[in-house]
Amino acid sequence: VAASNLSGPRRVQAGAARDALIGVRLVNGRGEAIKSGGRVMKNVTGYDLVKLMAGAYGTLGVLSEVTFKVLPAPETEASLVFGGLDARAAAACMAAALGSPWEVTGAAHLPDADGGLTLLRLEGFAQQVTYRSGALSAALADHGVANIVDAGESRRLWAEIAELGPLDADEGEAVWRISTTPTAGPDVARTIREGAEARLYFDWGGGLVWVAVPAGEDAAEPVIRRAVAASGGHATLMRAPDGVRNRIEVFEPQPDPVMALTRQIKQSFDPDGVLNPGRIYAGL
């Protein structure tokens, strides 16, 4: 979680994993033990290595200890489920929900499930969740009538979303994670489906698009990159056979100035290239 900055559906309300990471101990490629951050908030002076290590995929240091800020688990939850919305209408519904005062902690759209399902999660104390569910349903009445599901069903649905259950991808398929703006998500999805056989769904209010495509020779990389270039954002190949991963760029290609800075950082932490060489970019 820390090394890959892996965040689930609650990111839209709670922030990314790196936002909860407040301290690390690591060993860099020189064999030096380094500590950054600590066990309390506002504990960083100088360079914030904690945030640098989150998402570096172990290419800059081996994490030996991580410290997270934690919050109380909610007492209960419920989800509003809207049916029959297309991607653009679902994006508008999710944007309205996330912009409301009712503290939505999950917003996803499953276009291939039962004609399209749009899910909005509310969490907290039981009495609050009941009140907020009714208030949010009323506020979103223009988007249709919501079915409110209880805590057990809500947890099941969001566990599936977090674990990529809606993709139902097998070992012969590639899985892409595309980050873009919520308003651009429907355009990205449409472009991909016009150019490749794809199953997909939206999380983070439409700003995260999970896509499964046949692995083939290139995992539909040209189609994916073209869709992202047209609408903005970046795409990461999260899973594919090794042969495919070795032939294509797994992470979004960077402009030359950014790549030069990336190389300098890698050289500073790992001059001999012993930590996960080539894990993110070839030659690094």
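Quick note: numbers below take in every heavy atom, side chains included, and nothing from hydrogens, waters or symmetry partners.
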K.L.:
Please determine whether residues Met259 and Ile265 belong to a single hydrophobic cluster, defined as Ile, Leu, Val, Met, Phe, Trp and Tyr linked transitively by side-chain heavy-atom distances below 4.5 Å.
P.N.:
no

K.L.:
Rounded to the nearest 0.5 Å, what separates atom CG in Leu164 from atom CZ in Arg177?
P.N.:
10.0 Å

K.L.:
With sequence neighbours left out, write down each residue that passes side chain to side chain donor-acceptor pair (under 3.5 Å) with Asn147, or none if nothing qualifies.
P.N.:
none

K.L.:
Partners of Ala97 by side-chain contact (heavy atoms from CB on, under 4.5 Å), sequence neighbours excluded?
P.N.:
Val104, Leu120, Leu136, Leu140

K.L.:
Measure the shortest side-chain to side-chain distance between Leu21 and Val66 over non-hydrogen atoms and say whether it is less than 4.5 angstrom.
P.N.:
yes

K.L.:
Over all heavy atoms of both residues, which pair between Leu26 and Gly61 is shortest? Give the atoms and the distance, please.
P.N.:
CD1-CA, 4.1 Å

K.L.:
Test of understanding: clusters of I, L, V, M, F, W, Y form through side-chain heavy atoms closer than 4.5 Å, transitively. Do Leu261 and Leu49 belong to the same one?
P.N.:
yes

K.L.:
Determine, for Asp242 against Arg245, whether the closest basic-nitrogen to carboxylate-oxygen distance falls under 4.0 angstrom.
P.N.:
no

K.L.:
Could you please spell out the steps behind the side-chain contact (heavy atoms from CB on, under 4.5 Å) verdict for Trp204 and Ser7?
P.N.:
CA-CA 10 Å; Trp204 300 356; Ser7 306; 4.1 Å; yes

K.L.:
Could you tabulate the donor-acceptor pairs under 3.5 Å formed by side-chain atoms of residues 228-239, not counting sequence neighbours?
P.N.:
residue, atom, partner, partner atom, Å
Arg239, NH2, Asp170, O, 2.7

K.L.:
Under 3.5 Å, which donor-acceptor pairs do the side chains of residues 267-284 form with other protein atoms, sequence neighbours left out?
P.N.:
residue, atom, partner, partner atom, Å
Asp270, OD1, Gly273, N, 3.4
Asp270, OD1, Val274, N, 3.1
Asp270, OD2, Lys266, NZ, 2.7
Asp270, OD2, Val274, N, 3.1
Asp270, OD2, Leu275, N, 3.0
Asn276, ND2, Tyr57, O, 2.9
Asn276, ND2, Gly58, O, 3.4
Tyr281, OH, Glu252, O, 2.8
Tyr281, OH, Gln254, NE2, 3.1

K.L.:
Hey, does Leu117 have a side-chain heavy atom less than 4.5 Å from the side chain of His109?
P.N.:
no

K.L.:
Group every Ile, Leu, Val, Met, Phe, Trp and Tyr by side-chain heavy-atom contacts under 4.5 Å, then state whether Val250 and Trp176 land in the same group.
P.N.:
yes

K.L.:
So do Glu103 and Leu122 actually touch side chain to side chain, heavy atoms under 4.5 Å?
P.N.:
no

K.L.:
Suppose clustering is done on Ile, Leu, Val, Met, Phe, Trp and Tyr with side-chain heavy atoms closer than 4.5 Å. Which residues sit in the same group as Val27?
P.N.:
none

K.L.:
Mind listing the side-chain donor-acceptor pairs of residues 205-222 below 3.5 Å, one per line with the distance, residues two or more places apart or on another chain?
P.N.:
residue, atom, partner, partner atom, Å
Asp218, OD1, Ala220, N, 3.0
Glu221, OE2, Arg225, NE, 3.4

K.L.:
Would you give the length of the straight line joining atom CG of Asp19 to atom CG of Asn5, rounded to the nearest 0.5 angstrom?
P.N.:
7.5 Å

K.L.:
Considering residues at least two apart in sequence or located in another chain, which fulfil the side-chain contact (heavy atoms from CB on, under 4.5 Å) criterion with Ala92?
P.N.:
His143

K.L.:
Would you mind reporting whether Tyr131 and Phe125 have side-chain heavy atoms less than 4.5 Å apart?
P.N.:
no

K.L.:
Using only atom types and a distance under 3.5 Å, with no angle test, would you say the side chain of Arg18 pairs donor to acceptor with the backbone of Ala54?
P.N.:
yes

K.L.:
Just to verify, what does Arg226 make a side chain to side chain donor-acceptor pair (under 3.5 Å) with, not counting sequence neighbours?
P.N.:
none

K.L.:
Please enumerate all residues that pass side-chain contact (heavy atoms from CB on, under 4.5 Å) together with Ala14, with sequence neighbours excluded.
P.N.:
Arg10

K.L.:
Which atom pairs, donor and acceptor, lie under 3.5 Å between side-chain atoms of residues 75-84 and protein residues at least two apart or in another chain?
P.N.:
residue, atom, partner, partner atom, Å
Glu75, OE1, Ala126, N, 2.8
Glu77, OE2, Ser154, OG, 2.5
Glu77, OE2, Arg155, N, 3.3
Ser79, OG, Ser154, OG, 2.7
Ser79, OG, Trp158, NE1, 2.8

K.L.:
Can you pull out every salt bridge (Lys or Arg N to Asp or Glu O under 4.0 Å) where at least one residue sits in residues 26-36? Sequence neighbours excluded, please.
P.N.:
none

K.L.:
Not counting sequence neighbours, which residues clear side-chain contact (heavy atoms from CB on, under 4.5 Å) with Asp168? List them please.
P.N.:
none

K.L.:
Look at the side-chain heavy atoms of Ile, Leu, Val, Met, Phe, Trp and Tyr, link any pair under 4.5 Å apart, and say whether Leu157 and Val129 land in one connected group.
P.N.:
no

K.L.:
Can you measure from CZ (Arg156) to CD1 (Ile161) and round to the nearest 0.5 angstrom?
P.N.:
9.5 Å

K.L.:
Should Val244 and Phe251 be counted in the same cluster of Ile, Leu, Val, Met, Phe, Trp and Tyr side chains packed under 4.5 Å apart?
P.N.:
yes

K.L.:
Using a strict 4.0 Å threshold on nitrogen-to-oxygen distance, state whether Arg88 and Asp187 make a salt bridge.
P.N.:
yes

K.L.:
Between atom OG1 of Thr262 and atom CG of Asp256, what is the distance when rounded to the nearest 0.5 Å?
P.N.:
11.0 Å

K.L.:
Please examine the side chains of Phe202 and Pro111, heavy atoms only from C-beta on, and report whether any two atoms are closer than 4.5 Å.
P.N.:
yes

K.L.:
Apply the test side-chain hydrogen bond (donor to acceptor under 3.5 Å, both in side chains) to residues Thr105 and Arg121: give CA-CA distance (whole Å), side-chain angles for both, the deciding distance (0.1 Å), then the verdict.
P.N.:
CA-CA 5 Å; Thr105 65; Arg121 180 175 59 189; 3.1 Å; yes

K.L.:
For residues Leu6 and Ala17, report the shortest heavy-atom separation together with the two atoms involved.
P.N.:
O-CB, 3.5 Å

K.L.:
Under a 4.5 Å cut-off applied to non-hydrogen side-chain atoms, are Val24 and Glu65 in contact?
P.N.:
no

K.L.:
For a 4.5 angstrom cut-off between non-hydrogen side-chain atoms, does Asp150 reach Glu153?
P.N.:
yes

K.L.:
Heavy-atom distance under 4.5 Å between the side chains of Ile178 and Ile192, does that happen here?
P.N.:
yes

